[in-house]
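Just below is one structure, and these are the notes that go with it.
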Protein chains: 2
Amino acid sequence: MSPETKIPTRDRLLNAAEELVNAKGFAATSIDQILARVGMSKGTFFYHFKTKDELARALIDRFAASDEQVLVSSMERAEKLSDDPRQQLFIFVGLMIEIAEQLDNQAQPNCLFATYCWENGLFDPETQSVIENALLNWRRMLGHKLRTVAQAHPPKVDVDLDSLADMITVVFEGAFVLARTVDGKDTIAEQTRHYRNYLQLLFSDEGNHTFPSTSTD
Amino acid sequence: MSPETKIPTRDRLLNAAEELVNAKGFAATSIDQILARVGMSKGTFFYHFKTKDELARALIDRFAASDEQVLVSSMERAEKLSDDPRQQLFIFVGLMIEIAEQLDNQAQPNCLFATYCWENGLFDPETQSVIENALLNWRRMLGHKLRTVAQAHPPKVDVDLDSLADMITVVFEGAFVLARTVDGKDTIAEQTRHYRNYLQLLFSDEGNHTFPSTSTD
DNA sequence: TTTATTATACCGACTAGTCGGTTTAGATGA
DNA sequence: TCATCTAAACCGACTAGTCGGTATAATAAA
């Protein structure tokens, strides 16, 4: 009857696994530990997953799906909130900053992509390509927006727009490492703000800049 | 007689361990695998390291020492190559770009900090604080330089200079993930160039910008 | 209404092999 | 001699994965 009890067994296994993998990585997370956490037995696990590899795949599939939804829905929201591509871009990054603020309130911000990346020798190519495609999604969607913006507002410095799009992934992944290692209030959000600053400086209108600091010549 | 044979046993163990940890993470790297790679037997390992934890510690100590040397020596070089703090800053980041270019030529760019970070549940607090201190070193040295620069050239956008210093760590760590996941020619170097661009835009002299694009008044 | 059948979901003992770590003994060179 | 180093056999705990069996509930035949 309680809302917790209604969660399907398979999802409860995935949730417990994800928590443990987040703390210790995939290799160090044993099936027995997962089962102990949810109070189930071995047969149950292997009823839902043929092998531990299949668990790895299920975890990353679920994570990638949720990642893609954040990307797509945030871009849609940004595009509804303004007609100007440049404003859409800044709004989109602003939404990412909001998400970053939530992550900064977690003790150990979690990114299964990074976890798998640093243990990638354990995973088969298909599992790895799930992650690759997820990152390429960000490049594609954000890159497209950047190209539109760059046509109307040529960037102040000559930059490759795909790598500029990639940079949001870079900033997030890097900020995760920093946030997990050095404690600070707003690490991930602050780093994402740097990314927005960079975009604003790059795509500001010629000469007079559009920022708070007084002088307009 | 061969130069390879002269390497002390302990270092050969560390080298083999680091390679395996780089590929699969620490937990999935067994002592037997390390020994198989260097063709030694178990007694040898436990003569040099009391426990596997001690290996973890030795690996990260060695890595952190080399990291610190890169930081300090690059800053020294930058400070010798110019008297102007702003130029020193740009030269320093330029040196980081050179290092990034080397890393981009490796198949699986390696950062033990990140590897440990995503498996941090395995390591004792002391081991983790080695990493924390390493990252704080970068914040401190680069932050100091940024504060000097900011006094002479107030940044175009109001930014926290410590987090701006942290950003070089963020960019590197994030670019590692990208480079290990999506293959591309110059991933890490390109991302580091974005960081330099950002600094140049932030600390450019008012109004007219100092970049390649023609105008020098 | 009763009984047999079937599928899903779950349990826990068990196996073969790997793990980190120990022990004992021998080799090497100062 | 004495410290340094290496080898090989071994240990108990834990690993992923197997397997025979059970509980429940729905369906179908009697």
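Throughout, a chain's letter reflects where its sequence line sits, starting with A, and its residues are numbered from 1. Note that the structure is predicted; figures quoted are calculated from it, not measured.
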* To do: Assess the side chains of A/Thr127 and A/Asp124: does a donor N or O sit below 3.5 Å from an acceptor N or O?
  =>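 Yes, because at least one side-chain N or O of A/Thr127 sits under 3.5 Å from a partner of the opposite role on A/Asp124.
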* Asked: Between the base of C/dG20 and the side chain of B/Lys42, is there a donor-acceptor distance below 3.5 Å?
  ->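 Pair found.
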* Nearest-nucleotide 5' precedence on DNA chain D, A/Ala28 against A/Phe46 ->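 Nearest nucleotide further toward 5': that of A/Ala28.
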Between [atom2] of [N] and [atom1] of [X], the distance in whole Å:
X: A/Ile34; N: D/dC14; atom1: CD1; atom2: P; value: 17 Å
X: B/Leu55; N: C/dG20; atom1: CG; atom2: C1'; value: 12 Å
X: A/Leu122; N: D/dA16; atom1: CG; atom2: P; value: 12 Å
X: B/Asp32; N: C/dT18; atom1: CG; atom2: P; value: 9 Å
X: A/Met40; N: D/dT22; atom1: CE; atom2: P; value: 22 Å
X: A/Leu35; N: C/dC10; atom1: CG; atom2: P; value: 12 Å
X: B/Phe45; N: D/dT4; atom1: CZ; atom2: P; value: 19 Å
X: B/Leu13; N: D/dC5; atom1: CG; atom2: C1'; value: 12 Å

Does [N] have its OP1 or OP2 closer than 4.0 Å to a side-chain nitrogen or oxygen of [X]?
X: B/His48; N: D/dT4; result: no
X: A/Tyr47; N: C/dA9; result: yes
X: A/Ser30; N: D/dC14; result: no
X: A/Ser41; N: C/dC11; result: yes
X: B/Thr9; N: D/dT6; result: yes

* Quick one: which of D/dT15, C/dC10, D/dA7 gets closest to the side chain of A/Gln33? ->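 Selected nucleotide: D/dT15.
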* Is it true that A/Lys185 and A/Glu101 make a salt bridge, defined as a side-chain N closer than 4.0 Å to a carboxylate O? ->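 Result for this pair is no, no salt bridge flagged.
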* To do: Run the salt-bridge test on A/Arg57 and A/Asp53 with the 4.0 Å N-O cut-off and return the result as yes or no.
  =>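 Answer for the salt bridge query: no.
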* To do: Please confirm whether the backbone N or O of A/Glu132 pairs with a side-chain atom of A/Ser129, one donor and one acceptor, at under 3.5 Å?
  =>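 Flag not set: sc A/Ser129 to bb A/Glu132 has no pair under 3.5 Å.
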* Decide yes or no on side chain to side chain donor-acceptor pair (under 3.5 Å) for A/Arg62 and A/Asn15, but give the supporting numbers first. => CA-CA 10 Å; A/Arg62 193 176 71 154; A/Asn15 293 342; 2.8 Å; yes
